[in-house]
*Asks:* 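Next up is a structure, given as structure tokens.
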Amino acid sequence: MIKRFVCSGLAMLGTVSALAGAAETPASLMAQYAKQAGVPVSALSAERGAALYRTEHPGRNGQAVSCAGCHTANPTQAGRTRIGKRIEPLAPAANPQRFTDAAKVEKWFRRNCQDVLQRECSAQEKGDFITWLSQAK
Amino acid sequence: MNYLLRGIGVVSAVGVFSLLAFSLPSGDARGDGGYTLPKLTHKNWQQECASCHIAYPPSMLPKASWRRLMGGLDQHFGENASLDPATQADILRFLEANAADSGTSRMGSRVMRSMSPSEAPLRITETRWFVRKHDEVSRATWSRKSIGSAANCAACHRQAERGVFDEDTVRIPK
């Protein structure tokens, strides 16, 4: 009961801050994605997030692609784009600016899920992904 | 006395003016040894285009190229680089206003000189201007791990992000 209350409180907070255009936090985004997926935040899984990050998929040109391919095996490290430009670390522990801007987060999920999985990611997958990255040290 | 002061004033004003006119890089050219492009600022262009590669100078492709490119961002050289419509339109306006055929830069005139009006290449590296400028670079050099491809301007043009393409700033990595 208390947990449900806290969850819906978090979700409401998330919605309110999204409406106000205020900065998000990894936790508020997790709450929003959990709500979208229709599950409690506690049902988000860091393990599934890690698997999503590491699993290789056949890319458009036949080459294996994964999140880790550009972001490196360790998300607290900087990665590299295909052209060779530095990508700041994905893990908030190493880069506090990550997951603080809902529009930016959605933009990159939209692009990169299409590139890696050839489809959009579900709200649950997005929540799992952030859950795992928030724990990466 | 008054005349003397005024004379000194005029002479020094002329001096300062000519110093400014001849010593500052007034445009985008510095002899034949490469180019320093005029500084362009545009928030979305810099923020969005430069997330994955340098924000390529708009003066290196004609308007028709930029229209084609910005119209196909969901399949951008094998990657999804899609933007929301407002940002996309905003960036395209900026690219068109400063494109090679916009008449706003000497860099653009150089690119256009070796391009027919019907051409609209998607890659700067496909323009005859680029090919001629880099004809001494071997294929093996382009594919070095430290460079990757010809799209990685900043690998050799160390100040490319700031629009500096002068030859004396080039250092080809091993």
Side-chain angles (χ1 to χ4, degrees), chain A residues 18-19 21 23-24 52-53 56-72 75 77-90 94-95 97-122 125-126 129, chain B residues 43-57 60 69-70 72-91 122-125 130 137 141-162 171-174:
Chain A
L19 284 174
E24 308 285 344
L52 179 62
Y53 182 85
E56 292 192 333
H57 302 266
R60 279 193 204 95
N61 59 3
Q63 264 188 324
V65 287
S66 67
C67 307
C70 293
H71 292 285
T72 79
Q77 310 262 299
R80 241 169 227 296
T81 67
R82 206 154 48 96
I83 297 270
K85 188 162 173 147
R86 179 186 161 92
I87 307 173
E88 296 304 326
L90 255 192
N95 180 5
Q97 279 171 302
R98 288 296 183 193
F99 306 107
T100 58
D101 176 342
K104 192 173 174 184
V105 169
E106 271 298 294
K107 178 180 78 180
W108 285 104
F109 272 132
R110 184 187 70 229
R111 292 171 164 183
N112 293 355
C113 292
Q114 285 289 352
D115 281 339
V116 174
L117 303 168
Q118 315 278 332
R119 62 167 173 84
E120 290 201 17
C121 287
S122 67
E125 284 172 322
K126 294 173 187 174
F129 194 80
Chain B
K43 189 169 161 269
N44 281 330
W45 167 63
Q46 281 159 317
Q47 213 169 304
E48 298 299 336
C49 306
S51 344
C52 301
H53 48 65
I54 72 155
Y56 296 118
M60 291 188 182
L69 190 110
M70 293 302 287
L73 284 180
D74 53 336
Q75 285 177 38
H76 188 69
F77 306 104
E79 276 178 37
N80 186 319
S82 55
L83 285 167
D84 64 274
T87 309
Q88 186 177 320
D90 177 52
I91 294 175
L122 282 179
R123 296 169 192 269
I124 293 167
T125 54
F130 182 95
V137 183
T141 308
W142 287 126
S143 55
R144 274 179 201 166
K145 206 160 179 255
S146 51
I147 299 174
S149 80
N152 190 4
C153 308
C156 306
H157 297 275
R158 301 301 170 94
Q159 298 174 49
E161 303 240 22
R162 293 194 283 123
R171 262 184 33 232
I172 300 177
K174 286 272 181 313

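Fair warning: this is a prediction, and the values are worked out from it, not measured in the lab. Chain letters run A, B, ... following the sequence lines, proteins first and then strands; every chain starts at 1. These values consider heavy atoms only, across backbone and side chains, with no hydrogens, waters or symmetry-generated copies.
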*Asks:* With a 4.0 Å cut-off on N to O distance, would you call A:Glu106 and A:Lys104 a salt bridge?
*Replies:* no

*Asks:* Look at B:Leu83, B:Asp74, B:Asp84 and state which one has the largest set of heavy-atom pairs under 4.5 Å with chain A.
*Replies:* B:Leu83

*Asks:* Taking every heavy-atom pair that is under 4.5 Å apart, which of B:Glu79, B:His76, B:His53 has the most such pairs with chain A?
*Replies:*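 Answer, by heavy-atom pair count under 4.5 Å with chain A: B:Glu79.
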
*Asks:* Side chain from CB out, backbone as N, CA, C, O: work out which of these in B:Glu48 comes under 4.5 Å of a heavy atom of chain A, or both, or neither.
*Replies:* side chain

*Asks:* So which of B:Ser149, B:Ala151, B:Ala81 has the biggest tally of heavy-atom pairs under 4.5 Å with chain A?
*Replies:* B:Ala81

*Asks:* Without hydrogens or angle criteria, can the side chains of B:Ser82 and A:Arg111 be said to hold a donor-acceptor pair below 3.5 Å?
*Replies:*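 Not at all, the side chains of B:Ser82 and A:Arg111 share no donor-acceptor pair under 3.5 Å.
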
*Asks:* Residues two or more places apart in sequence or in another chain: which of them pass salt bridge (Lys or Arg N to Asp or Glu O under 4.0 Å) with A:Glu56?
*Replies:* none

*Asks:* Measuring heavy-atom distances to chain A, does B:Ser146 have an atom under 4.5 Å in its side chain, in its backbone, in both, or in neither?
*Replies:* neither

*Asks:* Could you look at B:Gln75 and say if it's the side chain, the backbone, both or neither that has a heavy atom under 4.5 Å from chain A?
*Replies:*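 Neither part.
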
*Asks:* Under a 3.5 Å cutoff, is there a donor and acceptor pairing between the side chains of B:Asn44 and B:Asp90?
*Replies:* yes

*Asks:* Quick one: what part of B:Ala50 sits under 4.5 Å from any heavy atom of chain A, side chain, backbone, both or neither?
*Replies:* both

*Asks:* Could you tell me if the side chain of B:Ile172 sits less than 4.5 Å from the side chain of B:Ile147, heavy atoms only?
*Replies:*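 A side-chain contact exists here, since the closest heavy-atom pair is under 4.5 Å.
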
*Asks:* Is A:Lys85 salt-bridged to B:Glu161, cutoff N-O under 4.0 Å?
*Replies:*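 Salt bridge between A:Lys85 and B:Glu161, a charged N being under 4.0 Å from a carboxylate O: yes.
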
